[in-house]
Amino acid sequence: MRTRNTRITRPLVTASVVAALTLTGAVAASARPPKAPPTPTFTDATVHDPSVVVADDELWVFGSHLQVAKTDDLMGWEQVASGVNADNPIFDDVVSELAETFEWAQSDTLWAADVIQLGDGRFYMYYNACKGDSPRSALGVAVSDDVDGPYEDLGIVLKSGMWDQISEDGTVYDARVHPNAVDPDVFYDADGKLWMVYGSYSGGIFVLEMDPETGKPVPGQGYGKHLVGGNHSRIEAPNVMYDEGTGYYYLFLSFGGLDATGGYNMRVARSLHPDGPYLDAEGNDMSEVKADPSLPLFDDASIAPYGVKIMGSYLFQREVGDPGSGLGVGYASPGHNSTYVDEATGRKFLVFHSRFPGQGETHNVRVHEMFVNSAGWPVVAPYRYADDGSTPAPLAGASATTSKARVARITREDAIGQYALIDHGKAINSTPVEAVAVKLEKSGRVTGALTGRWSLLGSNRARIVAGGSTYDGVFTRQWEPDRQEWVVTFTVQSAAGVSLWGSHVDVLSAKEAVAAVKADLDLGDTSAVVADLTLPTVGTNGATIAWSSSDPAVVSPTGEVTRPENGAGDATVTLTATITKDRRTATATFTVTVLERTAGGTTGAWSFEGDLADSTGALPAATVTGARVDTTGGTVSYVQGVQGQAVHLDGASGVRLPDGLISGPTYTVSMWLRPDALTQFTSAFFGARDANSWVSVVPKGHDGVGGNTMVWSGSAWYDAGTPLQLPVGQWSHVALTVDSGDVSVYVDGAPQFTGTGFPDVFTTTTGTFAVGVNWWDTPFAGDVDELSVHGSALSADEVAALATR
């Protein structure tokens with residue numbers, strides 16, 4: 001799924017506000033938060049690549065796929081629009097209005113939009129579309145009197161990806177040195193000149209001077225001036241923020257890949273000039289930062305050491321016995337940021353999208369407050385922004401203009417204590433960095449996973465000296481969502497551009513910790529186990545959990561499950577957890593029923609002979625859904641099939657198969673498909689443990705497999721892409737076999753993909769299964785026949801027999 005954006009509407013920090021700031025530049029809460037700060041309320045919105053613009057004391061974000069949302073407090077978001085279709089209110093009819101853009105880009109969607117209000121009072125949207133598997137893109141501008149449209153197209157201003165043809169700068173297009181014309185961010189500099197920074201991967205990031213009267217590039221610049229990247233390095237999503245207090249222009253960038261395991265992370269460089277050169281904290285000229293041309297595409301190792309890394313994937317993990325629920329608090333691949341500087345108060349905010357650990361590709365908008373440390377670099381607060389009741393709050397409008405901006409005051413007593421520490425490092429990390437334990441001692445020592453000295457300077461400035469590096473930043477107070485309370489946090493950064501975050505945690509006695517772990521320890525439903533169990537070994541405050549089993553041959557002390565053979569009957573096992581901290585111990589027991597293996601024959605089969613009955617007679621009939629697997633109201637019909645009749649799906653309906661159709665790591669799915677149309681991500685067959693763990697047979701896959709037919713799995717994220725795409729209007733046989741991690745995908749009886757390490761998704765007996773629909777994407781339009789599901793991995797010969805008409 002391809003998506004993205006960035007921006008500020010104009011330099012918003014006034015000299016009077018700057019004069020009120022401390023050395024840190026932090027304009028946060030009042031001198032002390034109230035004794036009882038309010039409990040914040042959050043409402044999320046989905047806008048990939050959010051770019052901000054302020055209108056009528058509301059902050060709006062525009063992003064990819066014409067997603068739009070707004071807020072008046074940076075916490076509660078209202079979804080305004082989503083989807084590139086004729087019903088989207090941002091255009092009268094975006095499909096027809098931007099037809100030239102879609103035709104050039106060979107795409108049916110839009111990437112990261114950017115909106116800015118220019119001097120004539122109108123709102124200018126810089127839209128863009130890209131083919132996806134190549135940098136063939138078009139970037140244009142549309143205008144509206146109102147921020148929410150409707151926008152009228154003013155035309156394309158830049159194109160890229162014209163292979164073997166003359167490009168915008170008069171030379172033959174070369175994707176290693178020329179930009180991909182996407183991800184625009186338009187901004188005013190301190191002198192009122194208008195600029196646009198843009199680019200993604202390919203030749204890197206470029207900047208153009210813009211004509212403030214027309215909203216288009218000043219003629220004669222070609223693609224503009226190169227700032228960062230090249231040789232297909234994974235650098236994109238530029239955003240420029242000017243800070244009057246330091247006099248610097250800050251260029252924010254996203255490194256890595258945007259999907260949940262792509263390692264997306266945000267970095268920053270700075271310059272005294274809007275068009276560069278931009279340098280990182282170590283003085284490296286970012287225009288020299290690019291991939292090694294001798295290495296494969298998207299070489300991350302060449303670019304990872306550069307730029308000041310302000311946030312990557314991380315997790316303040318929740319251990320057993322900790323407050324809250326779930327995995328903890330953190331982000332997976334946060335990025336494509338915009339920046340907002342509140343005009344009245346000078347407070348700075350980072351606005352971006354993020355995915356979340358353990359939640360697949362689900363993403364939402366997030367806002368974090370930013371501060372400027374004593375070295376003049378942005379540091380980002382660890383948790384999302386929450387209003388603590390102090391004044392002035394951001395987006396307060398004219399009522400805040402007379403309020404004095406004040407910094408959060410943290411006393412030394414506030415700062416002392418135990419912390420969970422995140423070290424963001426410089427890596428482009430595909431898995432979240434987990435927190436380690438450190439303590440800021442009363443003596444000024446730092447102990448635990450990090451050792452050194454710490455100090456509090458002034459009202460909130462934080463300094464940590466450890467490992468030969470000095471980290472500078474701020475202490476502040478933030479809302480901790482798992483604990484549901486306000487806690488002291490710190491954000492600091494080294495001269496090498498490495499950011500550390502700390503979040504104050506409660507210290508429990510051994511007795512309290514053991515009791516908390518025992519009360520919280522839960523293995524879920526263990527009445528029908530068909531897969532390995534996850535047995536936690538670490539609890540809150542360093543408590544340990546050791547496991548023993550009454551029958552290790554069935555369930556081992558580390559959670560490996562061996563199911564009894566078919567016919568041997570189910571097995572019942574008692575697991576005992578021994579919880580220990582210091583000299584305190586407690587035990588907890590769990591009864592586990594492990595189901596015998598299922599027979600390897602046909603589990604269910606549907607021939608669709610005028611109905612949805614299971615032809616084996618063992619299962620209930622399937623049912624008709626609406627456009628999603630959990631909706632109703634759709635209709636199906638029956639047409640001539642491969643054998644007898646087939647079910648026809650109209651692109652707005654699907655078929656819900658019996659729950660629990662597959663359980664365990666070994667199975668086969670076989671079906672005939674005749675698509676009427678191919679739409680990206682659409683499921684022909686779909687099975688899921690839950691919304692985050694699923695397997696989908698996709699006739700038209702994502703850009704990462706070139707749009708070809710694939711089997712896609714969420715949770716552990718696995719792409720089983722084939723080298724072909726199913727033909728429209730013709731019957732094709734598709735089969736998937738999985739055998740304890742070994743996976744094969746067949747088309748018309750021939751293996752088109754084989755691999756290992758396929759996720760074990762069906763670890764329950766109550767999974768959800770469907771034909772033609774899932775929980776998110778466009779339903780399948782076309783015909784389906786002779787669907788069968790087997791409890792074993794069929795051989796290549798057996799699959800070939802099923803593919804014979």
Kindly say whether [Y] contributes a backbone atom to a donor-acceptor pair with the side chain of [X] at under 3.5 angstrom?
X	Y	value
Ser233	Gly230	yes
Thr709	Thr722	no
Ser653	Val636	no
Asp183	Ala237	yes
Asp300	Ile428	no
Asp630	Trp775	no
Thr631	Thr625	no
Asp690	Ser693	yes
Asn88	Leu66	yes

Mind listing the closest non-hydrogen atom pair of [X] and [Y] along with its distance?
X	Y	result
Ala181	Ser137	O-CB, 3.8 Å
Ile156	Ala138	CD1-CB, 4.0 Å
Ala646	Gly641	CB-CA, 3.6 Å
Val698	Lys700	CG1-O, 3.0 Å
Val624	Leu612	CG2-CD1, 3.8 Å
Val705	Gly721	CG1-CA, 3.9 Å

Assess, by modelled atom type and distance only, whether the side chains of [X] and [Y] contain a donor and an acceptor separated by less than 3.5 Å.
X	Y	answer
Ser302	Asp292	no
Trp712	Asp719	yes
Ser607	Glu786	yes
Thr109	His65	yes

Is there side-chain contact between [X] and [Y], with at least one heavy-atom pair below 4.5 Å?
X	Y	answer
Phe298	His232	yes
Leu724	Asn708	no
Phe753	Val743	yes
Phe685	Val784	no
Pro179	Ser202	no
Arg563	Val561	yes
Phe102	Val84	yes
Tyr201	Asn180	no

Counterpart residues, ring-ring contact (aromatic ring centres under 6.0 Å, His included), relative to [X] (two or more places apart):
X	value
Phe356	Tyr331
Tyr746	none
Trp776	Phe686, Trp694
Trp104	none

Using side chain to side chain contact (heavy atoms under 4.5 Å, CB included), reason through Tyr264 and His353 one step at a time and then give a plain yes or no. CA-CA 11 Å; Tyr264 225 33; His353 75 251; 3.9 Å; yes
For [X], check salt bridge (charged side-chain N to carboxylate O under 4.0 Å, His left out) against everything at least two apart and list the hits.
X	value
Asp133	Lys131
Arg597	Glu565
Asp259	none
Asp174	Arg176

Could you go through the side chain to side chain contact (heavy atoms under 4.5 Å, CB included) check for Ser333 and Leu258 one step at a time? CA-CA 6 Å; Ser333 292; Leu258 61 83; over 6 Å; no
Sequence neighbours excluded, the answer for side-chain hydrogen bond (donor to acceptor under 3.5 Å, both in side chains) partners of Thr756 is none
Could you give all pairs that pass the ring-ring contact (aromatic ring centres under 6.0 Å, His included) test and reach residues 723-742, with sequence neighbours left out?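 Counting only pairs at least two positions apart or across chains, the ring-ring contact (aromatic ring centres under 6.0 Å, His included) contacts touching residues 723-742 are Trp672-His733.
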Atom [atom1] of [X] and atom [atom2] of [Y]: how far apart are they, to the nearest 0.5 Å?
X	Y	atom1	atom2	value
Ser254	His336	OG	NE2	6.5 Å
Met710	Tyr718	CE	OH	10.5 Å
Leu787	Trp606	CG	CH2	6.0 Å
Phe762	Leu661	CZ	CG	8.5 Å
Thr101	Tyr127	OG1	OH	3.5 Å
Asn265	Tyr314	CG	OH	13.5 Å

Determine, stepwise, if the pair Thr766 / Asp525 fulfils side chain to side chain contact (heavy atoms under 4.5 Å, CB included). CA-CA 11 Å; Thr766 59; Asp525 182 2; over 6 Å; no
If you look only at pairs with a residue in residues 659-686, which of them pass as a salt bridge (Lys or Arg N to Asp or Glu O under 4.0 Å), with sequence neighbours excluded?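 Every pair satisfying salt bridge (Lys or Arg N to Asp or Glu O under 4.0 Å) with a residue in residues 659-686: Arg656-Asp659, Arg674-Asp783.
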Might you work through the ring pair (Phe, Tyr, Trp, His ring centres under 6.0 Å) test for His48 and His363, ending with a clear yes or no? CA-CA 7 Å; His48 209 278; His363 55 83; 4.5 Å; yes
Residues pairing under side-chain hydrogen bond (donor to acceptor under 3.5 Å, both in side chains) where one sits in residues 793-805, two or more places apart or in two chains, turn out to be Ser795-Glu798
With Val594 as partner, the option from Val555, Leu533, Thr526, Asp570 fulfilling side chain to side chain contact (heavy atoms under 4.5 Å, CB included) is Val555
Let's go through Thr603 and Ile662 carefully: what are the C-alpha distance in whole Å and the side-chain angles of both, what is the deciding distance for side chain to side chain contact (heavy atoms under 4.5 Å, CB included) to 0.1 Å, and is it a yes or a no? CA-CA 8 Å; Thr603 303; Ile662 301 172; over 6 Å; no
